[in-house]
Structure formats: structure tokens, C-alpha cells
Q: 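Here it is, the structure, as C-alpha cells.
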There are 2 protein chains.
Amino acid sequence: MKKDSRLSSVLHAILHMAEQDKPMTSDVLAMCMKTNPVVVRRTMGLLRNAGLVTSERGHSGGWRICADLNKVTLYDLHDALGEPSIFAIGNRHERPDCLVEQAVNAALDDAFADAQALLISRFKTVTLAKLADDFAHRHAKYRQQKE
Amino acid sequence: MKKDSRLSSVLHAILHMAEQDKPMTSDVLAMCMKTNPVVVRRTMGLLRNAGLVTSERGHSGGWRICADLNKVTLYDLHDALGEPSIFAIGNRHERPDCLVEQAVNAALDDAFADAQALLISRFKTVTLAKLADDFAHRHAKYRQQKE
DNA sequence: GCGAATCGTAACATTAATAGTTACATGAAA
DNA sequence: TTTCATGTAACTATTAATGTTACGATTCGC
């Protein structure tokens, strides 16, 4: 299956929004992420439900961030997206009758649960402010290189 | 995305094979994992390439395990399957021009790399013998309950 | 009010990845 | 020489993400 790239998408969008005073339209965001405005609305709508952004209709409307960059983490976004399933590998059957398969599932589930816990805890340590900061550094470096 | 369930499948298969003296046919294995014999051949073929099992054609042929249960780990099987990609979540674009997106990708890549490293290291600690043992316990418990 | 800009959303199409199926060739054993 | 088995190519089906089209609902500026 295709990978879910919404987390990466909304991060990209929300950081751009954080650098703007004015709201950004779905069209502009779509251009920026090389996708379609409807996809942007669909995805950003989930962030709105989670109270992370607001949207306004009509002239000079669009999307605006309404969250503290220091408090919102990658996990909050992942959560806002509905905590989509993380792994592309899974068990052949859930709740098998076969005891062998049960033992196999248990071992795999354990390992995946640990990896998931680590990932989630990592997500919780990264704030949007941190990412904005990282971007600023990249930007400074980029400008230096251009000289 | 549909999840890749081959690791779980081959583990199931190989543990059944470990309990048999005779080779098991693709048909029997397919029945056991509720799939198609061709799928079994395709998948087990990868394990054969890795030297974990052998196959024989013709009358009384089939699949046989040829590996030390104490030495083969989940990782070896994952590896034999070609180390399929683990995550169902990924970046919108690889190598984006946008510096914001680069910062986002870097943060996500980092987190995923750590989770992957943990998973792989977990895979390396679980041998087939351990799983067979776990199965034996489940079996004993199951028989107890039936009394 | 009118018209343009903009989001909201349903319905459908496309794409990508896994899994399943059909068909037939090849080889080994009874 | 027939039967049982794997080997493999080619095609189909399934599933989930993503993209597209179409149109309704709001809001702003004139």
C-alpha cells in the first residue's frame, strides 16, 4: 500500500502558516505541497477538529494556525490525524486458533508495541517550535552558502 | 496500505515444519495459513534463497527446515524476505527543495530510524527456538484447560 | 444585492502495494 | 509413464492512500 504522508504534509503546511500573519488559502498550501486544494482541506480539517488551526471562508479567508508552537508536538499532529497505523508489517490473522500462530503473533506484537512506544515518545519530544528553529538554522546556513 | 504479513506467515510455517520429520507440501502449508500454494512457494522460495529451508520436487517432496532453531532469529527471516519497509507512514517527498520540508523530513526520519533500530534489535533477540518454546507452553496450558 | 473568493464535502477515479489465481513447465518417485 | 510436487510467469483482486470533479455554503468588497 501507499504510505501515509499526511503527517509530513501537515507539518510542512503548519510551519509555513506559522511564518505568516495572513491566513493561507488551500490553493496556496496545495501548490506548496504539490497536491490538490481538496486534499489540503480534507487533511487540515482534521487539525481544525483538534483545535490546532482555524479556517475562514470567503474573501481573504484561509487557514491560520491557532496553537502555541512550544506546546504542540509531532504527537499532537499524529493524534489529530487519527493515529493512523504506523506499521506496514502485520500479522497474517488476528486471533488465530492455531497455537503456533498465537505464539508468533505474541512475539511480533510485543516487538512492534515497543517500537511504537518509542516512536510515540519521540514524537512527544519534538515541538513545532523546535522544527521552526531547525528550519531557521537551515535557512541561515543556506544564505551563508549563497554568499 | 495493505500490511505485509509474510513475516508472520513464514514464522508460522517454519515452526510447523520444525515439528515434522517429513517435508510439508505447499498445499498443506497453504491450508494451514489459509492461503494459496503458489503464495507459499513464492514466499518460502525467499527463505530457500537464504538457506533456511530446502525444497524437493516430486513424490514425497515438499519443504523442510534446514536451520538451527537456536541460531535463526526473527531478523534473519525479515532479512530473507528482503527487509521490506517497516513503516506505513512516510515523507511527502524525499529530497525536497523547500527548507521547511527538509527540516520536517529530518525530524521524522530521525524518529523513524530510532524506532526501526529498536525493532530490528528486538527481532535479533528472538530465536525460533524461543518461539517453539513459547508454543510448547501454550500447548501445555491448553491441554491443562481441557482437563 | 451581486459577484468573486474561499472553505466543506460527497462522489468518484487513480495509484501503489500486497495477496490471490490460473496456467503450464520441470523434475522426481512409485 | 503416471502422479505428485515445486518453479515461475502473467494476470486479477483487494485494499488503502491520494487525487479529481462538482457543487453547495459563506463571507467579503463593491
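Throughout, protein chains are lettered first and strands after them, A, B, ... in sequence-line order, and every chain is numbered starting at 1.
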Q: On the nucleotide C:dA29, are OP1 or OP2 found under 4.0 Å from the side-chain N or O atoms that B:Ser60 carries?
A: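 So the side-chain polar atoms of B:Ser60 never come under 4.0 Å of the phosphate oxygens OP1 or OP2 of C:dA29.
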Q: Tell me which nucleotide among C:dA5, C:dA16, D:dT20 gets nearest to the side chain of A:Arg42.
A: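 Nucleotide nearest to A:Arg42's side chain: D:dT20.
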Q: Check whether the side chain of A:Arg57 and the base of D:dT26 form a donor-acceptor pair under 3.5 Å.
A: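 No, the side chain and the base share no sub-3.5 Å donor-acceptor pair.
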Q: If I take atom CG in residue A:Asn36 and atom P in nucleotide C:dA13, what distance separates them, rounded to the nearest angstrom?
A: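 Those two atoms, CG and P, are 16 Å apart.
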Q: Could you state the atom-to-atom distance from CG of A:Leu81 to P of D:dA17 in whole Å?
A: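 Rounded to the whole Å, the gap is 11 Å.
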Q: Does C:dT18 have OP1 or OP2 sitting under 4.0 Å from an N or O in the side chain of A:Arg92?
A: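 Checking A:Arg92 against C:dT18: no side-chain N or O falls below 4.0 Å of OP1 or OP2.
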Q: Just wondering, do A:Lys124 and A:Asp76 contact through their side chains at under 4.5 Å, heavy atoms?
A: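 No, their side chains stay 4.5 Å or more apart.
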Q: Are the side chains of B:Val72 and B:Thr127 in contact, using a 4.5 Å heavy-atom criterion?
A: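 No, every pair of side-chain atoms sits at 4.5 Å or beyond.
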Q: Look up atom CG in A:Leu74 and atom CG in A:Asp79, then write down how far apart they are to the nearest 0.5 Å.
A: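 The CG atom of A:Leu74 sits 12.5 Å away from the CG atom of A:Asp79.
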Q: What is the separation between atom CZ on B:Arg64 and atom P on D:dT6, rounded to the nearest whole Å?
A: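 After rounding, the gap between these two atoms is 12 Å.
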Q: From the options C:dA5, C:dA29, D:dT15, select the nucleotide whose nearest atom is closest to the side chain of A:His59.
A: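 Given the options C:dA5, C:dA29, D:dT15, the side chain of A:His59 is closest to C:dA5.
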Q: Does the pair B:Arg92/B:Glu101 count as a salt bridge with the N-to-O cut at 4.0 Å?
A: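 No.
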Q: Output the rounded distance in Å from CG (A:Asp27) to C1' (C:dG8).
A: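 Result: 14 Å.
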Q: From CG of B:Leu29 over to C1' of D:dA5, roughly how many Å is that when rounded to an integer?
A: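 Between C1' of D:dA5 and CG of B:Leu29: 13 Å.
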Q: Between B:Met24 and A:Glu56, just flag the one whose closest nucleotide in DNA chain D comes earlier from the 5' side.
A: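 The answer here is B:Met24.
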Q: Are A:Ser26 and C:dC7 close enough that a side-chain N or O sits under 4.0 Å from OP1 or OP2?
A: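 So the side chain of A:Ser26 is within the cut-off, an N or O lying under 4.0 Å from OP1 or OP2 of C:dC7.
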Q: Return the 5'-most residue of the pair A:Gly61, B:Arg6 with respect to DNA chain C, ranking by each residue's nearest nucleotide.
A: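 Of the two residues, A:Gly61 wins.
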Q: Does OP1 or OP2 of D:dG19 have a side-chain N or O of A:Thr35 closer than 4.0 Å?
A: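 For D:dG19, OP1 or OP2 has a side-chain N or O of A:Thr35 closer than 4.0 Å.
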Q: Please tell me which of A:Ser5 and A:Arg41 maps to the more 5' nucleotide of DNA chain D, matching each residue to the nucleotide holding its nearest heavy atom.
A: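 It is A:Ser5, whose closest nucleotide lies nearer the 5' terminus.
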Q: Both A:Gly58 and B:Lys34 contact DNA chain C. Taking the nearest nucleotide for each, which residue is further toward the 5' end?
A: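 The residue closer to the strand's 5' end, by nearest nucleotide, is A:Gly58.
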Q: To the nearest angstrom, how far is B:Asn91 atom CG from D:dA17 atom C1'?
A: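 From B:Asn91 CG to D:dA17 C1': 16 Å.
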Q: Would you kindly give the NZ-to-P distance between A:Lys3 and C:dA17, to the nearest whole Å?
A: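 One finds 9 Å between P of C:dA17 and NZ of A:Lys3, rounded.
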Q: So, does the side chain of B:Lys2 form a donor-acceptor pair with the base of D:dT14 at under 3.5 Å?
A: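 Between D:dT14 and B:Lys2, which were checked side chain against base, a qualifying N/O pair under 3.5 Å is present.
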Q: Indicate, with a heavy-atom threshold strictly under 4.0 Å, whether A:Gly62 touches base, sugar-phosphate, or nothing.
A: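 Result for A:Gly62 = sugar-phosphate.
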Q: Of all the nucleotides listed (C:dT9, D:dG7, C:dG20), which has the minimum atom distance to the side chain of A:Arg48?
A: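 For A:Arg48, the side-chain atoms sit closest to C:dT9.
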Q: If we ignore angles and hydrogens, is there a donor and acceptor under 3.5 Å between the side chains of A:Arg6 and A:Thr43?
A: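 Distance-only check fails for A:Arg6 and A:Thr43.
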Q: Mind checking if B:Asp4 touches a base, just sugar-phosphate, or nothing, with heavy atoms under 4.0 Å?
A: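 Sugar-phosphate: the residue B:Asp4, judged by heavy atoms under 4.0 Å, touches backbone atoms but no base.
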Q: Any Lys/Arg nitrogen of B:Lys130 or B:Asp134 sitting under 4.0 Å from an Asp/Glu carboxylate oxygen of the other?
A: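 A salt bridge is absent here (no side-chain N lies under 4.0 Å from a carboxylate O).
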Q: Establish, with yes or no, whether the OP1 or OP2 oxygen of D:dG7 is under 4.0 angstrom from a side-chain nitrogen or oxygen of B:Ser55.
A: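 True: B:Ser55 side-chain N/O within range (under 4.0 Å) of D:dG7 OP1/OP2.
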Q: Without decimals, in angstroms, what is the distance between B:Leu47 CG and D:dT6 C1'?
A: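 Roughly 15 Å, once rounded to whole Å.
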